[in-house]
There are 4 protein chains.
Amino acid sequence: MGKSAALRDRVLGAILTGAAAVMAQRGDSATLEDIASAAGVSRATLYRYFPTRQALLSAMTLAGIDELSARIADANLPTVPVEDAIARLVRVFVTTGSKYVALSQGSGTRSGDHPEADALLAEPVRSLFRRGITDGTLRADLDPQLLTDLFGGLIKAALDLTSSGRAGVEEASALVVSVFLTGTRA
Amino acid sequence: MGKSAALRDRVLGAILTGAAAVMAQRGDSATLEDIASAAGVSRATLYRYFPTRQALLSAMTLAGIDELSARIADANLPTVPVEDAIARLVRVFVTTGSKYVALSQGSGTRSGDHPEADALLAEPVRSLFRRGITDGTLRADLDPQLLTDLFGGLIKAALDLTSSGRAGVEEASALVVSVFLTGTRA
Amino acid sequence: MGKSAALRDRVLGAILTGAAAVMAQRGDSATLEDIASAAGVSRATLYRYFPTRQALLSAMTLAGIDELSARIADANLPTVPVEDAIARLVRVFVTTGSKYVALSQGSGTRSGDHPEADALLAEPVRSLFRRGITDGTLRADLDPQLLTDLFGGLIKAALDLTSSGRAGVEEASALVVSVFLTGTRA
Amino acid sequence: MGKSAALRDRVLGAILTGAAAVMAQRGDSATLEDIASAAGVSRATLYRYFPTRQALLSAMTLAGIDELSARIADANLPTVPVEDAIARLVRVFVTTGSKYVALSQGSGTRSGDHPEADALLAEPVRSLFRRGITDGTLRADLDPQLLTDLFGGLIKAALDLTSSGRAGVEEASALVVSVFLTGTRA
DNA sequence: CAGTAAGCGAGACGGTACGTCGGGTCTTACC
DNA sequence: GGTAAGACCCGACGTACCGTCTCGCTTACTG
C-alpha cells in the first residue's frame, strides 16, 4: 500500500499545484477542465480527490494556511523581541503569501470556512501582540484582536503592492513594518 | 420623453439597489434571477440595462465609487487640517463603504477594471497625504502612493470588522485613525 | 399563447421524429446529443421536453402506439368480415410499424411500461378474434388472448422480414395472413 | 496446465451463469460490477475473459445457441415424421429458450452478430420445412426461409407467454404447434 | 381622443460548466 | 501464473445558470 499512497500524494500535489497556478492566472473563472489538464489528470480524477469545486478551493486554501503556519513556526517568534518578531512576521506573510494571493482576495474566502485559519495564523499574531502589550512594547489601549485584523489589512495591502509590481517584497515589508510599528508602539 | 427617462432611472436605481443587497447577502453565488426578483423586475429587463453579469457588477462598483467620491467631496478635505481630514476620510470610507463590502472583496474587482477609481477615490487621498508631507504633518520618508495603498488596506480591514460585527463603525474608524496617524505622523 | 403552444408542438414533433430516425439507425447506443442535433435542437431543449432519456423513449413508444391505434380505427374492422379485417390489421401493423421497429425490439419495451398499449392495440385484435370465434369464422378451441399474443409474434416476425429486406411489406403481410388465417380458421 | 485450464473453465462458467442470472433480472441496465460480483469475481477478471461488455453478451448468446443446438441434435428430427418433428422442435425451443429470454428480446441481438446462429438454429428448422414441403406434408407455396422466420416469431411469442406466466410451457407449445401446423399443412 | 411606439414580463432556446456514473485500460500487490 | 484491488481516462447523463431571442401586453407619448 506504500506505493499506492505515494501515488495518491503525488497526484494530489500535482492537482493542488496546478490548481493554484491556474487560479492565479485565470481567477475564479477557471474551469475544472482547465485545472485538471494543468495538473495533468482528467476531470474525473479531480472529482475522485475533491467532491466539489469548492472543496478543491478549500483544500488549496488549507494548503496555503499550512505552509504559512509552518513558516511562522520556523520564525521562532516567541524567542525574539516583539519588534523584531513583528518584522519577521511581516516578511513571512509577504513572501509566502504571494503564492496565494488569489485565495486571499478570492471568492473562496467565505466567512467561517476555515476555522483552523484562526488558530494557525491569527493566534500567533494575536499572541505576539499580547506579549508586546504586556511587556510594554506596544500601546496598551488597543485590543489585540482588532489589532490583528488591522495587521491583516496591511498585509493584504502589501501583497497587492508586490503582486501588482508597484513595490518589491522588501520595500513593501519595510513599509508595513515601519508604519505599523510606529503606529502601535507604546 | 421626460417620463420615459424618469422611469428608466427609477428602474435602474431599483436594480442597482437590489443587486447590492443580494450580493451583500449571497455573495458571488447570487443568480441573476435572484437579483432581478430582488429588484422587482424580470430577468429580461436586467439584460436590457446590462448586457452582462459583469457589466452589472461593474455598474454597481461604479455607483459605489461615485457615491464615495461625492461624500469625499462633501467632506471638504482641503479646508481642514490634515489630521482632521484623515479622520473625516476614514469615517466616510467606513460609513459609506459598508454598502459595498461585497464589491471591495468580491471577484468583480479585477485589476484595471475601473480606471476612474484612481482619479475619484485614490487621488484625493494621495493629495491629502502629499499636503501632509509638505506641511510637515506627516513623515516625509513615505511615498504618498504607497501610503495610499496601505491606507486602503486599513480601510478594508475596518470594513471587515464592521460587516462581521466585531466592531462598530465608530470603534473601527477610531482604531484606524489612531494607528494610521500615529504611524505616519512626522 | 396560441403561438407558444404551436411552437412547442412543432419542436416536440421534430424531437420525436428525429429521435425515431436516429434510434432506428443507431439503436440504443444513440447519444442524446445525436438525437438533439437530428431534431435540430440543443441538448438542453431536449431536457426541457423530456426529463430523462427513458422518458423520451417512452414518449416515442407512446406516439407509435397512438399512431397505430389511429390507423386501426381507420380500418373500420368491425364493419368488415373477420377474414378481411384480419388482413387489414396485418397490413396496418406491418406498414405503420416499420417506423417503430427500434421500439418493438428495443430496450425501452420493459414490461408494464405502457398500460395503454393493451387497451389501444391488443384490445381491437382480441375483440376481432372474439367476433371470429362467435360467428364461426375462427376455431373455437383457442383463447382470444393467447391468440393475440401469437398474432403479435407473427407481426414482429413480419417486421423483421421487411426491415431486414428479406421480404417486402406486401409479401410479408400476405404470408402472415395466409399462415395465420389457415391456422386458425374454423 | 491441466489445473489452470480447469480453473479457467470454472471461472468462465461462473461468469456466464452469473451474467445470465443478472441480465434476466435487471435487463440491459445491469452493471458490469453487478455481473462480476454475481459471478463471484472482480471486474478486472471479467475483462480478462471478455474484452467488452458486448463480447460478454455475445458469449452468453453463443452459449445459449450452443445449448439449443445440442438439444435440437438430441431431438433426432430427421428420423421422425415432419409433424412430430415440428412438435418436438417447438418444445425444445420453448423449454430451453426460457433461460435466454433476455437475449432473444435484448438489445444484444443486433443483426449479423452471430452468423453461427443461422447454421446451428435456423438451418435445422429450414431443413425440416424443406423436407415437409418435399414429402407433401407442408404447403408448397411457402418459402422455407420465410417460414422459418415466421416460426421464430411464434416461438418468441410463446416464450413471452411462459416468461410472463400467462401460459405454461405445455400450453404455449401446444398452441404454437397447433396453429403453425394447421396453418402450414398441405 | 385614437393610434402608435417603446418598455416590460414571460419564457423558450443555445451554450457551457458542474457533478455523477458506467465502461475500458492499466498497474501493483497477493496467492 | 492468475486474481483482487483500485486508480485512471473517456464520454454520456442530468442539472443549473448565463446570454439571446421572440412574443404579447401595458403604458405613455403623439397626430
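Residue numbering restarts at 1 for every chain, and letters A, B, ... go by the order of the sequence lines.
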Exercise. Looking at Ala38(D) and Gly18(D), what are the two nearest heavy atoms and their distance?
Worked result: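 For Ala38(D) and Gly18(D), the tightest heavy-atom pair comes out as CB-O, 4.2 Å.
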Exercise. If you pin Pro51(B) and Thr31(C) to their nearest nucleotides in DNA chain F, which one's is more 5'?
Worked result: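 The residue closer to the strand's 5' end, by nearest nucleotide, is Thr31(C).
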Check whether any side-chain N or O of [X] sits under 3.5 Å from a backbone N or O of [Y] as a donor-acceptor pair, and report yes or no.
X	Y	result
Thr61(A)	Leu57(A)	yes
Ser163(B)	Leu159(B)	yes
Ser42(A)	Ala44(A)	yes

Exercise. OP1, OP2 of dT3(F) versus side-chain N and O of Arg48(D): anything below 4.0 Å?
Worked result: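 Answer is yes, contact under 4.0 Å.
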For this session: Indicate whether OP1 or OP2 belonging to dA4(F) is found under 4.0 Å from a side-chain N or O atom of Thr45(D).
Result: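 The answer is yes; a side-chain N or O of Thr45(D) sits under 4.0 Å from OP1 or OP2.
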Expressed in angstrom and rounded to an integer, what is the separation of [X] atom [atom1] from [N] atom [atom2]?
X	N	atom1	atom2	answer
Leu46(B)	dA10(E)	CG	P	14 Å
Leu32(B)	dC18(F)	CG	P	4 Å
Phe50(D)	dT25(E)	CZ	C1'	18 Å
Gln54(A)	dA16(F)	CD	P	18 Å
Arg53(A)	dT15(F)	CZ	P	22 Å
Arg26(C)	dA12(F)	CZ	C1'	13 Å
Ile35(D)	dG24(E)	CD1	P	11 Å
Arg8(B)	dC29(F)	CZ	C1'	17 Å

Counting side-chain heavy atoms from CB outward, which of [options] is closest to [X]?
X	options	value
Val11(A)	dT20(E), dC8(F), dC13(F)	dC8(F)
Ala44(B)	dA17(E), dA10(E), dC8(E)	dA10(E)
Tyr47(C)	dT25(E), dG14(F), dG19(F)	dG14(F)
Tyr49(C)	dC8(F), dC13(E), dA17(E)	dC13(E)
Ser42(A)	dA10(E), dC9(F), dG19(F)	dC9(F)

For this session: Return the 5'-most residue of the pair Thr52(A), Thr52(D) with respect to DNA chain E, ranking by each residue's nearest nucleotide.
Result: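 Final value for this comparison: Thr52(A).
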For this session: State whether the distance check finds a donor on one side and an acceptor on the other, under 3.5 Å, for side chain Arg43(B) versus base dG19(F).
Result: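 Side chain to base: pair found, below 3.5 Å.
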For this session: Could you check Arg43(D), Gln25(D), Arg26(D) and say which one makes a side-chain hydrogen bond (donor to acceptor under 3.5 Å, both in side chains) with Asp34(D)?
Result: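 Exactly one option meets the side-chain hydrogen bond (donor to acceptor under 3.5 Å, both in side chains) with Asp34(D), and it is Arg26(D).
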